[in-house]
Protein chains: 2
Amino acid sequence: MSARVVPEDGRRRRRPTKQGAVLSERLIVDTALRLVGEHGADALSVRRLGAALGADPSALYRYFRNTDALLLALADELIGRAQDGWRATGEWRADLRAMGLRIHGSYLSQPQAALLAAHRTTGRPHETRAVETILGILRDGGFPDPLAVRIYHAFVDQALAFAAQDAAAAALPPAAAEADTEVWREVYGRLPADSHPHVAATFPLLAADMRDSGYPFALELMLAAVAALHPDARG
Amino acid sequence: MSARVVPEDGRRRRRPTKQGAVLSERLIVDTALRLVGEHGADALSVRRLGAALGADPSALYRYFRNTDALLLALADELIGRAQDGWRATGEWRADLRAMGLRIHGSYLSQPQAALLAAHRTTGRPHETRAVETILGILRDGGFPDPLAVRIYHAFVDQALAFAAQDAAAAALPPAAAEADTEVWREVYGRLPADSHPHVAATFPLLAADMRDSGYPFALELMLAAVAALHPDARG
DNA sequence: GTTTACACGTCAATGGTGTTGACGTAAGGT
DNA sequence: ACCTTACGTCAACACCATTGACGTGTAAAC
């Protein structure tokens, strides 16, 4: 069985499955995202996706070469959703902030797809559009090319890295997630002041702060530092 | 079978396996890291680890409640290695920089293991020591507690997130890695200037910059922004 | 309208995974 | 030397992704 996948636009004969569903790339991607959204990270397996579609699991291999290809399709869909409806204001700092938060948020809405795809280069249309947009914000904002490129790199990597990091936390099986929470309460909450004075002194602050993502603050720090590098910055 | 795991210090009877190995937490963790380092993340399964140890796979469950517990042990080992031989200089900026680069480097030295562990809270000794150290750098450096805690959070998350991100890239199977590289050359290198003017204009700079990790620059940006927040900063 | 080719849904099988309960042996405290 | 029990082993379960063979029904060709 080689080359069983037929490209989407070459498809003609859409035979319904036994249960009456008519498959398509679009339907599969949407169903996969819905499955994940409704039943969590563990719900996405070839078997379960087949069941949700009303098809034999192996039918998916007519549409995606393997699960990795399916995940890249999900990833590009997420990048696309991050940009839906966004409009540039022309103010580079506000625009970068918005893009960062949108990418982060979009990936977080589908944690386990994000996890598997945040470190891949898909080269698909939604991705290239995002690259173009962000580079444009920086160049139109007045940063010279070499600096714009360095900032672009740090900015995008940071957004994706935090997205993956927070997605990983959100995608943890319930048992592991509870284990992490309990570690905070049971271990860090009880470290003695003589061996761990700094943790002991700040524990309430720490426990409160760690509940949320560190990204928004890290993003603000990056934007502040970048502003200081702007040609127009005084000093 | 409940409560089959006996804590390491309660162990007395070290019965050798059929193949003559004498198991211990230490031996299992080291073997697991070696396995992952040599044969990739996929090589880490209970069965394969058992085989590498010369023991029945289920023997591992006498030492770790489940694979998650084993992963946390691996993560803590990496954190420990990041701190080996480090000494504070008393200069918060230099110390933070060193810690960031050490954590990042330590995880990168075992990309496959880092991938599996970078987003967990272990609560184990090496981890609590690292938390204490970093908090200490900030508090002793003159940051008031609420600010120190926020900075700590952003700093640690950034280091771990980038570590995981870069580890993921380093751990890609050769085929996928080459696919990503080719996407850069074939897709981004050929985007037409009329649809993607910014990418087209900066492609050589972009391709060169993206080869390395974005972390060092992102770290410098964060440190610069943090310096501006220091109580002693003018303005 | 009938024929025909093949796209694609289905079946069955392979070899992997984590995890558990039962069991017996040998190690160590007494 | 005895006895308890820690712990290594075995067998089994339920799940996983993936593949080769198969045949049906669709849609194009005539």
Whole-Å distance between C:dC8 C1' and A:L27 CG? 15 Å
5' priority, DNA chain C, between A:G54 and B:N66 [closest heavy atom]: A:G54
N or O in side chain of A:R47 less than 4.0 angstrom from D:dC16 OP1/OP2: yes
Between B:R62 (CZ) and D:dT5 (P), how many Å, whole number? 14 Å
Atom-to-atom span, OH of B:Y63 to C1' of C:dG18 - whole angstrom: 19 Å
In whole angstrom, give the distance that lies between atom CG of A:D56 and atom P of D:dT18. 14 Å
If we check side-chain hydrogen bond (donor to acceptor under 3.5 Å, both in side chains) with B:D76, which of these qualifies: B:R81, B:R120, B:R124, B:H126? B:H126
d(CZ, A:F64; P, C:dG9) in whole Å: 13 Å
With a 4.0 Å cutoff (strictly under), does any side-chain N or O of A:R48 reach OP1 or OP2 of D:dC16? yes
B:R150/B:F155 under side chain to side chain contact (heavy atoms under 4.5 Å, CB included): CA gap, chis, key distance, verdict: CA-CA 9 Å; B:R150 293 190 75 193; B:F155 173 83; over 6 Å; no
May I ask you to evaluate whether A:S58 reaches the phosphate of C:dT10, defined as a side-chain N or O under 4.0 Å from OP1 or OP2? no
Think A:T67 has a side-chain N or O under 4.0 angstrom from the OP1 or OP2 of D:dT18? yes
Assign B:A59 to base, sugar-phosphate, or nothing according to its heavy-atom contacts below 4.0 angstrom with the strands shown. base
Quickly work out the B:D68 CG to C:dG18 C1' distance and round it to whole Å. 12 Å
Under 3.5 Å, is there a donor-acceptor pair linking the side chains of B:E132 and A:Y188? no
Nucleotide D:dT18, atom P - distance to CG of A:L60 in whole Å: 10 Å
Examine D:dT24: is either OP1 or OP2 under 4.0 Å from a nitrogen or oxygen in the side chain of A:K18? Give yes or no. no
Taking 4.0 Å as the cut-off, does a side-chain nitrogen or oxygen of B:Y61 come that near to OP1 or OP2 on C:dG21? no
Within a 6.0 Å radius of atom CG on A:N66, are there more than 12 heavy atoms belonging to other residues, nucleotides or ligands? yes
Minimum heavy-atom separation for A:T128 and B:H196, please, with both atom names. OG1-NE2, 3.5 Å
Calculate the interatomic distance between B:D42 atom CG and C:dG15 atom P; express it in whole Å. 19 Å
